[in-house]
Amino acid sequence: MNKNEKILQVKNLKTHFFTNVGVVKAVDGGSFHLRKGQALGIVGESGSGKSVTSLSIMRLVPKPAGRIVEGEILYRGVDLVKKSQKEMREYRGNKLFMISQDPMTSLNPVFTIGNQIGEAVRRRQNLKRHNLKKKIIEMLDLVHIRASETRISAYPHQFSGGMKQRAMISMALACQPEILIADEPTTALDVTIQAQILKLMMEIREKYNTSIILITHDLGVIAKFCDYVLVMYAGKIVERADVKTLFKGNRHPYTKGLINSLPHLGKKQRRLESIKGQPPDLLNLSGGCPFEPRCDYSVKRCSLDYPPSESVEKGHLISCWKWKEI
Ligand SMILES: Nc1ncnc2c1ncn2[C@@H]1O[C@H](COP(=O)(O)OP(=O)(O)OP(=O)(O)O)[C@@H](O)[C@H]1O
Ligand SMILES: [Mg+2]
């Protein structure tokens with residue numbers, strides 16, 4: 001595989017939840033790709049479908065309500081959507097690893113933390129018992145879990161939320177996956193540890209040319225860490241661009257709203273602008289653009305038809321009827 005080849009291609013992904021009150025189209029037609037060594041950020045308000053996108057790639061969509069109803073997820077050309085859960089075990093861990101918002105999706109409650117990190121280490125290195133223990137302690141130290149020597153025999157429920165998250169990160173470091181998906185990896189952590197964890201992730205990316213998908217609410221983190229960004233709104237990718245374009249040349253009214261809600265560093269602090277209106281109810285979407293009720297640029301057509309994805313320039317895609325005038 002070439003250095004910059006597309007390691008993951010997601011095509012027209014639709015993941016829906018079939019609930020008692022109706023169908024929630026959590027992800028509705030997302031297409032994007034991830035190159036080897038690339039860091040792709042996903043941003044968007046709560047409920048926009050970021051986690052469901054990553055759970056779909058891992059094939060961990062909650063059952064029975066959730067289902068991938070359409071689309072392809074090609075990992076090195078192999079469609080993961082067609083894989084059985086048993087076959088997926090070959091991919092999770094070494095090839096794809098997810099640091100999730102809920103650490104318990106990755107940690108097993110019945111095994112000790114040490115056991116689980118040891119399992120991850122053993123996939124890469126054949127170590128004898130004593131050396132394996134040393135390595136596990138080293139991995140826990142790396143993510144700043146104190147008293148690591150005694151902590152290795154603890155079970156996940158004996159760890160705090162932040163500690164569980166850090167244990168998961170040390171597993172990710174041990175697995176050295178080709179694709180690391182980090183869903184809000186630092187939300188439960190304090191600021192200093194947040195910075196350390198992000199630094200660690202940058203280091204593994206450099207060392208192993210790992211491809212990373214990073215989901216975060218923090219646009220500052222996106223600016224520092226990512227090459228390319230997807231902006232999600234109500235289950236749709238509304239804008240895709242490289243990170244510089246996203247901040248300086250964005251064209252979607254929703255992206256503009258997100259960027260304007262950032263504090264402007266270095267400038268005199270002005271009031272934060274929040275995006276007016278409420279996030280949409282996914283059970284009651286019209287056929288039009290879901291951002292239309294909150295959009296300053298909307299015209300009649302916006303409430304009737306969903307805008308197609310159009311290319312502003314190479315690598316910059318947008319779904320908005322009015323982008324040429326923005
Ligand atoms: N198990 C489920 N059953 C029904 N609906 C679900 C389920 N899980 C997620 N959803 C719905 O799918 C939509 C997308 O959820 P998702 O968790 O991907 O949002 P998100 O962008 O990750 O938000 P956040 O920033 O809060 O983490 C939401 O409307 C949510 O209510
Ligand atoms: Mg989420």
Side-chain angles (χ1 to χ4, degrees), residues 9-19 21-33 40-53 56 67-73 215 217 219 222 228-262 272-326:
Q9 283 178 278
V10 175
K11 295 184 178 172
N12 192 31
L13 178 67
K14 295 190 181 180
T15 305
H16 297 172
F17 289 92
F18 297 84
T19 71
V21 282
V23 180
V24 178
K25 296 180 178 175
V27 175
D28 203 28
S31 298
F32 60 92
H33 61 258
L40 173 75
I42 308 184
V43 291
E45 277 170 322
S46 185
S48 55
K50 306 180 299 293
S51 294
V52 174
T53 301
S56 303
R67 226 169 45 224
I68 296 176
V69 292
E70 220 182 298
E72 291 175 324
I73 299 169
I215 298 174
H217 281 113
L219 284 165
I222 294 274
Y228 208 78
V229 190
L230 309 180
V231 181
M232 287 195 75
Y233 190 81
K236 310 265 195 197
I237 297 168
V238 295
E239 190 159 12
R240 287 193 272 167
D242 64 71
V243 72
K244 196 165 156 230
T245 308
L246 186 96
F247 284 95
K248 300 267 186 240
N250 59 68
R251 303 294 279 268
H252 197 286
Y254 177 62
T255 314
K256 284 199 181 303
L258 279 182
I259 307 276
N260 284 341
S261 66
L262 266 182
L272 288 187
E273 282 177 43
S274 60
I275 302 171
K276 64 173 184 180
Q278 290 295 315
D281 172 4
L282 294 189
L283 282 167
N284 286 306
L285 291 178
S286 71
C289 171
F291 190 59
E292 180 272 332
R294 300 168 79 182
C295 183
D296 288 334
Y297 301 87
S298 72
V299 290
K300 184 139 189 278
R301 184 173 202 184
C302 301
S303 63
L304 301 174
D305 302 314
Y306 189 77
S309 179
E310 290 186 77
S311 174
V312 177
E313 65 211 335
K314 194 169 182 290
H316 184 185
L317 289 165
I318 192 161
S319 291
C320 172
W321 289 117
K322 298 285 287 177
W323 71 265
K324 288 185 181 135
E325 293 154 52
I326 293 170

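When a residue number appears, it is its place in the shown sequence, counting from 1.
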Report task. Under the side chain to side chain donor-acceptor pair (under 3.5 Å) rule, what do Asp28 and His16 come out as? Steps first, then yes or no, please. Result -> CA-CA 8 Å; Asp28 203 28; His16 297 172; 3.1 Å; yes
Report task. Flag the pair Val299 / Lys322 as yes when at least one side-chain heavy-atom distance between them is below 4.5 Å, and no otherwise. Result -> yes
Query raised in the report: Would you call Glu313 and Thr245 a side-chain contact if the rule is heavy atoms closer than 4.5 Å?
Result: yes
Report task. Look at the aromatic rings of Phe291 and Tyr254 and report parallel, tilted or perpendicular, splitting at 30° and 60°. Result -> perpendicular
Report task. Could you walk me through whether Arg240 and Val229 pass side-chain contact (heavy atoms from CB on, under 4.5 Å), step by step? Result -> CA-CA 6 Å; Arg240 287 193 272 167; Val229 190; over 6 Å; no
Query - Value rounded to 0.5 Å, distance of CH2 in Trp321 from CD1 in Ile326 - result: 13.5 Å
Query raised in the report: Between Val24 and Leu283, is any pair of side-chain heavy atoms under 4.5 Å apart?
Result: yes
Query raised in the report: Rounded to the nearest 0.5 Å, how far does CG of Leu317 lie from OG of Ser311?
Result: 5.5 Å
Report summary line: When Ile215, Ile222, Leu230 are each screened for side-chain contact (heavy atoms from CB on, under 4.5 Å) with Leu40, the one that passes is Leu230
Requested in this report: Please name the residue in the list Val238, Val231, Val312 that meets the side-chain contact (heavy atoms from CB on, under 4.5 Å) test with Ile318.
Outcome: Val312
Requested in this report: Could you tell me whether the side chain of Val69 reaches within less than 4.5 Å of the side chain of Phe18, counting heavy atoms only?
Outcome: yes
Query raised in the report: Is any side-chain heavy atom of Tyr228 less than 4.5 Å from a side-chain heavy atom of Val243?
Result: no
Query raised in the report: How long is the gap from CZ on Phe17 to CG on Leu282, to the nearest 0.5 Å?
Result: 10.5 Å
Query raised in the report: For the atom pair SG (Cys289) and CZ (Arg301), what is the distance rounded to the nearest 0.5 Å?
Result: 12.5 Å
Query raised in the report: Just by modelled atom types, is the Asn250 backbone N or O under 3.5 Å from a matching donor or acceptor in the Trp323 side chain?
Result: no
Query raised in the report: Under 4.5 Å between any side-chain heavy atoms of Ile42 and Met232, yes or no?
Result: yes
Query raised in the report: Is any side-chain heavy atom of Ser56 less than 4.5 Å from a side-chain heavy atom of Leu13?
Result: yes
Query raised in the report: Is there a side-chain contact (heavy atoms from CB on, under 4.5 Å) between Ile73 and Ile68 once you walk through the steps?
Result: CA-CA 10 Å; Ile73 299 169; Ile68 296 176; 4.2 Å; yes
Query raised in the report: Roughly how far, to the nearest 0.5 Å, is CG of Asp305 from NZ of Lys300?
Result: 10.5 Å
Query - Atom pair NZ/CG of Lys236 and Leu285 - distance to nearest 0.5 Å - result: 8.5 Å
Report summary line: Between Phe247 and Ile259, the two heavy atoms sitting closest are CD2-CD1, 3.6 Å
Query raised in the report: Can you list the steps and then say if Glu45 with Arg294 is a salt bridge (charged side-chain N to carboxylate O under 4.0 Å, His left out)?
Result: CA-CA 13 Å; Glu45 277 170 322; Arg294 300 168 79 182; 3.0 Å; yes
Requested in this report: Identify the heavy atoms of Ser298 and Cys302 that sit nearest to each other, and give their distance.
Outcome: CA-SG, 3.9 Å
Query raised in the report: So, for Pro280 and Tyr233, which heavy atoms are closest and what is the spacing to 0.1 Å?
Result: CD-OH, 3.2 Å
Query raised in the report: Could you walk me through whether His316 and Arg251 pass the side-chain contact (heavy atoms from CB on, under 4.5 Å) check?
Result: CA-CA 10 Å; His316 184 185; Arg251 303 294 279 268; 3.9 Å; yes
Query raised in the report: Under 3.5 Å, is there a donor-acceptor pair linking the side chains of Glu239 and Thr255?
Result: yes
**Report entry** Heavy-atom side-chain proximity of Cys320 to Tyr297 below 4.5 angstrom
**Finding:** no
Report task. Answer with yes or no whether the side chains of Glu70 and Asn12 bring together a donor and an acceptor at under 3.5 Å. Result -> yes
Query raised in the report: Would one find more than 12 heavy atoms of other residues, nucleotides or ligands at under 6.0 Å from atom NZ of Lys248?
Result: no
